[in-house]
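Contents: one structure, followed by commentary.
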Amino acid sequence: MTIKKQTASRVATSGHTPVAGNDKIMNRYDLICRLTARLTHGEAVIGGIGNTNFDLSAAGARPENFYMLGSMGLACPIALGVAIAQPQRRVFALEGDGSLLMQLGCLATIAQRAPKNLCIIVFDNGVYQITGAQPTPAAGVADIAALAAASGVAASAWAADEADFERLVDQALGAAAPSLIAVRIDAQPAVGATDRDPVQIRERFMRGIGVR
Ligand SMILES: Cc1ncc(C[n+]2csc(CCOP(=O)(O)OP(=O)(O)O)c2C)c(N)n1
């Protein structure tokens, strides 16, 4: 695990603070497709509010996907519950930087509980994109991977590029401790949208993970 040291300069064009090793700007939909292509054992994926779950949905229907509607910061807490309830199943939480920053306490809770089957992926575009691209603290002062490591999620790292992202996902699939992968992403809007039907989302997910 490498924690990248923050540098003093800023990237004005993207609004991101560059951290050694996180200077490649990737695309959320592309990365989510790369993730789901590697999931062959019924892994659960919990998509956070908005763009994150829109792109998860656009990447292809999976019965083990859950789409959080309406509230920021709940992908990780929901994923933690699933990981505890089904320790044999690998679980991924997908969250935006703004949403994770709203619910930072979940990192320490996850570190303390230490489910080895849980991996958090944070899509850092440095903005609250879906509500008008207001800058988040991750654009200036907050380093997501360092925050996670300082909360006790020791296996936290920035993905340097797409190949590194895939390597970190593979590592998470065999990990013996919770992990976090942070990725810098561009300002592309989500590719699709999720059906806003919470009951259907819940029922499909519960069937997908074998509890209905
Ligand atoms: C508790 C809460 N506060 C505010 C909102 C309004 N809201 C919905 S999505 C969003 C921005 C989410 O930002 P981020 O997680 O970084 O994802 P992005 O839109 O950049 O993909 C905001 C402010 C909300 N839905 N819930």
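Any value given below was found using the heavy atoms of this structure, including those in side chains, with hydrogens, waters and symmetry copies removed. These numbers come from a predicted model, not from an experiment.
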When rounded to the nearest 0.5 Å, the distance separating CG of Asp161 from CG of Asp23 is 9.5 Å

CG of Asp186 to CD1 of Ile25: how many Å apart, nearest 0.5 Å?
7.5 Å

Linked hydrophobic residues, Tyr128 as query - side chain contacts closer than 4.5 Å:
Ile49, Met72, Met102

Report, as yes or no, whether the 6.0 Å neighbourhood of atom CG on Asp170 holds more than 12 heavy atoms from other residues, nucleotides or ligands.
yes

Between Asn117 (side chain only) and Gln86 (backbone N and O only), is there a donor and an acceptor less than 3.5 Å apart?
yes

Is it the case that more than 12 heavy atoms not belonging to Gln134 sit under 6.0 Å from its CD atom?
yes

Are side-chain heavy atoms of Ile181 and Cys119 found at a separation under 4.5 Å?
yes

Is there a donor-acceptor pair under 3.5 Å between the side chain of Arg34 and the backbone N or O of Glu162?
no

Pair Asp55, Asn27 - check side chain to side chain contact (heavy atoms under 4.5 Å, CB included), show working.
CA-CA 10 Å; Asp55 273 343; Asn27 176 264; 5.6 Å; no

Counting C-beta onward and ignoring hydrogens, is there a side-chain heavy-atom pair between Asp164 and Trp158 closer than 4.5 Å?
no

Heavy atoms only: give me the nearest Val82-Ala44 pair and the separation to one decimal.
CG1-CB, 4.2 Å

Minimum heavy-atom distance between Ala75 and Ala93, given as atom pair plus value:
O-CB, 3.8 Å

Would you confirm whether Gln129, through its side chain, and Gln188, through its main-chain N or O, come within 3.5 Å as a donor-acceptor pair?
yes

Between Leu118 and Leu80, does the side chain to side chain contact (heavy atoms under 4.5 Å, CB included) criterion hold? Intermediate values first, please.
CA-CA 7 Å; Leu118 176 58; Leu80 173 61; 4.3 Å; yes

Could you check whether any side-chain heavy atom of Val191 comes within less than 4.5 Å of a side-chain heavy atom of Phe54, counting everything from C-beta outward?
no

Hey, any chance Val153 and Leu173 share a hydrophobic cluster, counting ILVMFWY side chains that come within less than 4.5 Å of each other, even indirectly?
yes

Distance from Cys33 atom SG to Leu31 atom CG, nearest 0.5 Å?
9.0 Å

Under the 3.5 angstrom rule, does the side chain of Asn53 hit a backbone N or O of Met68 as a donor-acceptor pair?
yes

Any side-chain heavy atom of Asn125 within less than 4.5 Å of one from Arg28?
yes

Which atom of Ile209 lies closest to which atom of Arg89, heavy atoms considered
O-NH2, 3.2 Å

Between Ile144 and Leu180, is any pair of side-chain heavy atoms under 4.5 Å apart?
yes

Would Ile32 end up clustered with Ile130 when hydrophobic side chains under 4.5 Å apart are linked, directly or stepwise?
no

Got a donor-acceptor contact below 3.5 angstrom from the Arg90 side chain to the Ala175 backbone?
yes

Interatomic distance, CD1@Ile121 vs CD@Glu95, rounded to 0.5 Å, equals 12.0 Å

Group every Ile, Leu, Val, Met, Phe, Trp and Tyr by side-chain heavy-atom contacts under 4.5 Å, then state whether Val183 and Tyr29 land in the same group.
no

If you measure from OG1 on Thr36 to CG on Leu56, what distance do you get to the nearest 0.5 Å?
7.5 Å

Closest non-hydrogen contact found for Ala148 with Ser156 is CB-OG, 3.3 Å

Hey, mind stepping through Leu94 and Leu35 against side chain to side chain contact (heavy atoms under 4.5 Å, CB included) and telling me if it holds?
CA-CA 11 Å; Leu94 313 185; Leu35 167 71; 3.9 Å; yes

Test item: Gln171 and Ser179 side chains (from C-beta on) under 4.5 Å apart, heavy atoms
no

What pair of heavy atoms forms the shortest contact from Phe205 to Glu64, and how long is it?
CE1-O, 3.3 Å

Side-chain (Thr136) to main-chain (Ala138) donor-acceptor, under 3.5 angstrom:
yes

same_hphob_cluster(Ile84, Val211) at 4.5 Å side-chain heavy-atom cutoff
yes

Taking C-beta and beyond as the side chain, do Leu100 and Cys76 meet within less than 4.5 Å on heavy atoms?
yes

Would you find a donor on one side and an acceptor on the other, under 3.5 Å apart, between the side chain of Arg62 and the backbone of Glu43?
yes

For a quick test of reading the model, state the closest non-hydrogen atom pair linking Leu101 to Pro137 and the distance between them.
CD1-CD, 3.8 Å

Does atom CZ of Arg38 have more than 12 heavy-atom neighbours from other groups under 6.0 Å away?
yes

Rounded to the nearest 0.5 Å, what separation is found between the NE2 atom of His41 and the CG atom of Leu39?
10.5 Å

Counting C-beta onward and ignoring hydrogens, is there a side-chain heavy-atom pair between Phe123 and Asn51 closer than 4.5 Å?
no

